[in-house]
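Worksheet: the structure to be examined is printed underneath.
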Number of protein chains: 2
Amino acid sequence: MNKLFLTKQSIDQMSGVAYKSIHQKKRLLAYFAEHGPSAIGDLRRALHLSVPKVTALLNELMEEQFVRDYGKDNSTGGRPPNLYGLAAESAYFLGVDVHRTFVHIALTDFQKNIVSITEQVPYTLANTPESLNALCELIGDFIAQLQTPREKIMGVGINLTGRVNSATGFSYSFFHFQDQPLSHVIGDKIGIPVVVENDSRAMAYGEFAAGVVERERNVLFLNMDYGIGMGMVLDGQLYYGKSGYSGEAGHMPVFDNNIICQCGKKGCLETEASGWALVERFKTRVRNGATTQLVQNPEHLEAINLEAIIQAAQSDDVLAIELIAEIGERLGRGIAALINVFNPELVVLGGSLAATGDYIRLPLLSALNKYSLSLVSNDTELKVSRLGNRAGVLGACLLVQHKFLSTAD
Amino acid sequence: MNKLFLTKQSIDQMSGVAYKSIHQKKRLLAYFAEHGPSAIGDLRRALHLSVPKVTALLNELMEEQFVRDYGKDNSTGGRPPNLYGLAAESAYFLGVDVHRTFVHIALTDFQKNIVSITEQVPYTLANTPESLNALCELIGDFIAQLQTPREKIMGVGINLTGRVNSATGFSYSFFHFQDQPLSHVIGDKIGIPVVVENDSRAMAYGEFAAGVVERERNVLFLNMDYGIGMGMVLDGQLYYGKSGYSGEAGHMPVFDNNIICQCGKKGCLETEASGWALVERFKTRVRNGATTQLVQNPEHLEAINLEAIIQAAQSDDVLAIELIAEIGERLGRGIAALINVFNPELVVLGGSLAATGDYIRLPLLSALNKYSLSLVSNDTELKVSRLGNRAGVLGACLLVQHKFLSTAD
DNA sequence: CTTGTTTTTTAAAAATATCAAAAAGAAGGG
DNA sequence: CCCTTCTTTTTGATATTTTTAAAAAACAAG
């Protein structure tokens with residue numbers, strides 16, 4: 001039954017009609033994945049095929065269980081068309097969102113529903129083979145506990161921070177121990193094809209495919225955490241750059257300060273407009289006598305970390321709100337630069353700092369008006385992530401689904 | 001004969017096979033345009049068609065004069081394959097590169113050769129109907145003087161500065177007098193389909209399709225003139241953004257100065273790293289007593305303009321070279337930001353300032369090392385435009401050709 | 001000149017589109 | 001409430017297009 005998902009080698013050995021048939025079926029499924037259940041007429045127009053041909057393809061796909069009849073659509077005057085769509089339980093996709101101290105793992109069905117999810121599984125990310133093994137075990141455990149039969153899981157998507165080239169399957173910042181691509185290494189261990197992806201890009205895709213993005217085709221997604229990452233959807237496609245290192249917005253040199261960034265350079269956006277900068281500024285203010293819910297004794301600043309500050313802001317801590325606004329204002333300068341360059345329809349604020357909602361969004365918005373060309377920024381909406389901390393793990397699942405239905409070859 | 005180039009309306013009325021046949025033929029021609037003369041076997045693989053089908057299509061295209069037999073390729077051991085390619089004289093494309101005080105006009109054949117070109121035609125760009133009429137007359141004069149029959153000119157590409165949406169045909173900064181798109185307005189006047197495009201984007205496409213770009217698929221093109229514009233080729237496609245306003249790199253807020261930019265904001269890249277900034281700094285230095293070939297009397301600074309400074313640098317004027325290096329250094333900061341975001345394979349330096357070659361390129365390069373993540377900038381090459389001041393006009397021609405062969409619908 | 005290799009042509013087989021007919025509702029009238 | 005008419009979708013038979021597979025052709029090398 002799993003005849004649709006093939007390796008690149010087998011494509012060359014395939015006969016012309018076999019290739020064509022698979023290509024057409026994938027295009028049908030991809031159309032369903034993007035547009036939901038559809039009538040034969042729509043499919044015909046979109047794929048430039050005849051009605052009988054589409055009917056035949058759909059019948060085969062229904063035989064293969066990938067497609068299901070979704071009943072009648074509302075009539076437009078005459079006979080109502082039949083709707084066909086993906087059969088939710090015919091294929092599943094697993095996503096793993098790896099953070100420094102925990103992972104999220106989720107399984108989605110063919111209809112993009114979350115079937116099973118475990119969040120905040122304790123895990124320590126380190127660039128060691130042991131850490132990689134531990135990750136594979138966590139994935140194995142998750143699969144073992146599922147109701148879903150293993151062979152129905154068509155792929156596993158894994159998000160990692162740092163430099164990842166999802167086309168080749170290589171991760172350079174983490175787990176780069178072998179000559180083989182990491183995706184193959186893990187894929188061999190767990191026996192399911194693997195796609196590795198950069199975390200911010202996966203989050204961007206999550207919001208794009210199932211989040212706050214509606215019809216927009218040019219979207220910037222800001223992953224605001226301790227650092228600042230960015231995922232970009234341009235002309236409806238995830239953008240990678242030459243070797244998957246795009247989106248390092250946090251290291252744009254936009255300030256004239258002397259703060260040394262993690263990357264070793266000075267003046268990076270991150271040095272003044274990131275979770276890291278927020279924590280530093282918070283500590284400095286407390287040391288200088290500012291009061292906050294978070295700490296009573298200015299000698300003991302251990303309790304101050306990013307999550308704590310975000311929580312404090314949500315409980316109306318004045319200092320937290322004030323400093324988050326400052327961060328938003330500075331971030332606005334960086335985003336203004338990006339808007340001038342990309343002319344996007346939408347900028348999505350994501351990552352842990354996005355949980356502060358309008359506390360960060362509104363100062364950012366006013367900075368945008370200050371720094372970006374008004375004509376350009378009038379084109380651009382600014383929204384807060386809808387998926388929140390599930391953006392990554394959902395993005396991983398959906399990205400695997402997308403890759404399996406892609407006809408790029 | 002001109003059956004391949006159709007309006008969008010007629011596509012819907014077309015029968016399925018007619019559409020398919022045109023689609024396939026266009027794909028063949030587009031393949032030739034990109035890869036040059038090719039053998040049937042290559043075409044078969046690239047288009048996923050059978051050999052007899054490709055043969056039949058080629059025969060029709062040869063009948064229609066678009067394709068020509070280019071003789072035998074070198075044998076790989078057995079029978080040598082026949083090469084087919086575009087017939088240079090079967091279709092022509094006209095490009096018009098509009099500057100403030102002059103225009104370049106050129107005609108290219110189907111093989112991307114320049115058939116005829118007139119450069120620096122005096123013309124005054126103003127946002128008035130008269131100026132638009134004058135432009136149309138210049139185009140008409142150019143066509144009248146050609147040997148090429150008018151009906152073989154498949155399209156006219158026109159580059160304008162400012163905000164241009166080439167998909168809809170609207171230009172907003174210039175000639176926006178009617179509700180109709182500008183491309184239709186001009187097209188009706190001269191009787192040939194028109195494509196309007198932003199100048200920097202057209203230049204970027206020129207370098208991409210026939211200039212310094214070889215196999216790179218992610219390329220940033222800097223148009224360094226009085227202002228700083230940018231055209232972007234991402235994943236092998238020109239990037240437009242939501243409404244064709246992308247690439248405003250000159251207005252990224254990266255400096256903390258108080259110089260007010262043309263756009264009304266402060267701190268724009270252009271305020272310190274553009275031809276405009278170069279002229280201002282040059283004047284200031286001369287007023288403060290610096291010596292230069294350009295002026296003897298510091299009271300008379302009229303002779304100082306961008307072209308003069310560039311020429312002075314080329315004749316080894318120390319002040320010019322020094323200030324150009326300064327501009328390059330500052331521009332490096334902006335480009336570093338872009339490289340961090342785009343992870344491109346190549347950044348092309350174009351526009352009039354590019355004529356200074358290594359005088360601007362080398363300081364820029366060292367600034368890049370200072371400001372961008374080394375891993376990212378190691379991926380990126382920095383080259384000077386090959387087409388020089390012909391990038392725009394050639395880009396206009398090639399972009400029209402590209403649009404006419406596109407199967408996007 | 002023969003043999004080996006690769007490309008091109010050809011004719012039979014398969015796949016696909018077209019067009020006409022049938023089916024499935026919706027709307028309106030008796 | 002049922003029947004007729006209207007509209008649109010779906011099906012089926014036929015015509016067309018496309019692929020397949022086998023034969024022929026073109027050239028290189030021995």
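We name chains A, B, ... by the order of the sequence lines, and we start the count at 1 in each one. Keep in mind that what you see is a predicted model, and the values were worked out from it rather than measured.
The aromatic rings of B/His48 and A/Tyr19 sit parallel, their planes meeting at an angle under 30°, below the 60° perpendicular limit.
C/dT6 atom P lies 18 Å from atom CG of B/Asn82, rounded to whole Å. Regarding B/Asn59, its CG atom lies at a distance of 15 Å from the P atom of D/dT17, rounded to whole Å. The distance between atom CG of A/Leu83 and atom P of D/dT10, rounded to the nearest whole Å, is 9 Å. The nearest whole Å value for the distance from the CZ atom in B/Arg45 to the P atom in C/dT6 is 12 Å. Computed from coordinates, the B/Asp73 CG to C/dT7 P distance equals 10 Å when rounded to whole Å. The CG atom of A/Leu58 sits 12 Å away from the C1' atom of D/dT10 (whole-angstrom rounding). Nucleotide D/dT9 holds its P atom 13 Å from the OH atom of A/Tyr84, rounded to whole Å. The nearest whole Å value for the distance from the CG atom in B/Asp42 to the P atom in C/dT7 is 9 Å.
With hydrogens and angles ignored, the 3.5 Å screen pairs a side-chain donor or acceptor of A/Lys112 with a backbone N or O of A/Ala33. Side chain of B/Arg44 to main chain of B/Val51: no donor-acceptor pair is present (N/O by atom type, distance under 3.5 Å, no hydrogens or angles).
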Could you list all N or O pairs between the protein and nucleotides 2-4 of chain D that sit under 3.5 Å apart?
none

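With respect to A/Glu60 and A/Lys25, a salt bridge is recorded, a charged nitrogen being found less than 4.0 Å from a carboxylate O. Salt-bridge check for A/Glu89 with A/Arg68: passed, with a basic side-chain N closer than 4.0 Å to an acidic carboxylate O.
Side-chain contact check for A/Lys26 and A/Ser406: no donor-acceptor pair (N or O, by modelled atom type) lies under 3.5 Å. Residues A/Asn82 and A/Asp69 have side chains that bring a donor and an acceptor to within less than 3.5 angstrom of each other. Looking at A/Ser243 and A/Asn165, their side chains never bring a donor and an acceptor atom within 3.5 Å of each other. A/Glu197 and A/Tyr240 share a side-chain donor-acceptor pair at under 3.5 Å.
Annotation: of the two residues near DNA chain D, A/Ala39 and B/Gln24, the 5′-most nearest-nucleotide partner is A/Ala39.
Over its full length, the helix from C/dC1-D/dG30 to C/dG30-D/dC1 turns its helical axis through 10°, comparing axes from the five pairs at each end and rounding to 10°.
With a 4.5 Å cut-off on side-chain heavy atoms, A/Leu238 and A/His402 do not count as touching.
Across B/Val213, B/Val233, B/Leu387, a single residue satisfies side chain to side chain contact (heavy atoms under 4.5 Å, CB included) together with B/Val348, and that is B/Val213.
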- Message: Can you build the contact string for nucleotides 17-24 of chain C? Use B for base contact, S for sugar-phosphate-only contact, and - for no protein heavy atom under 4.0 Å.
- Response: BB----BB
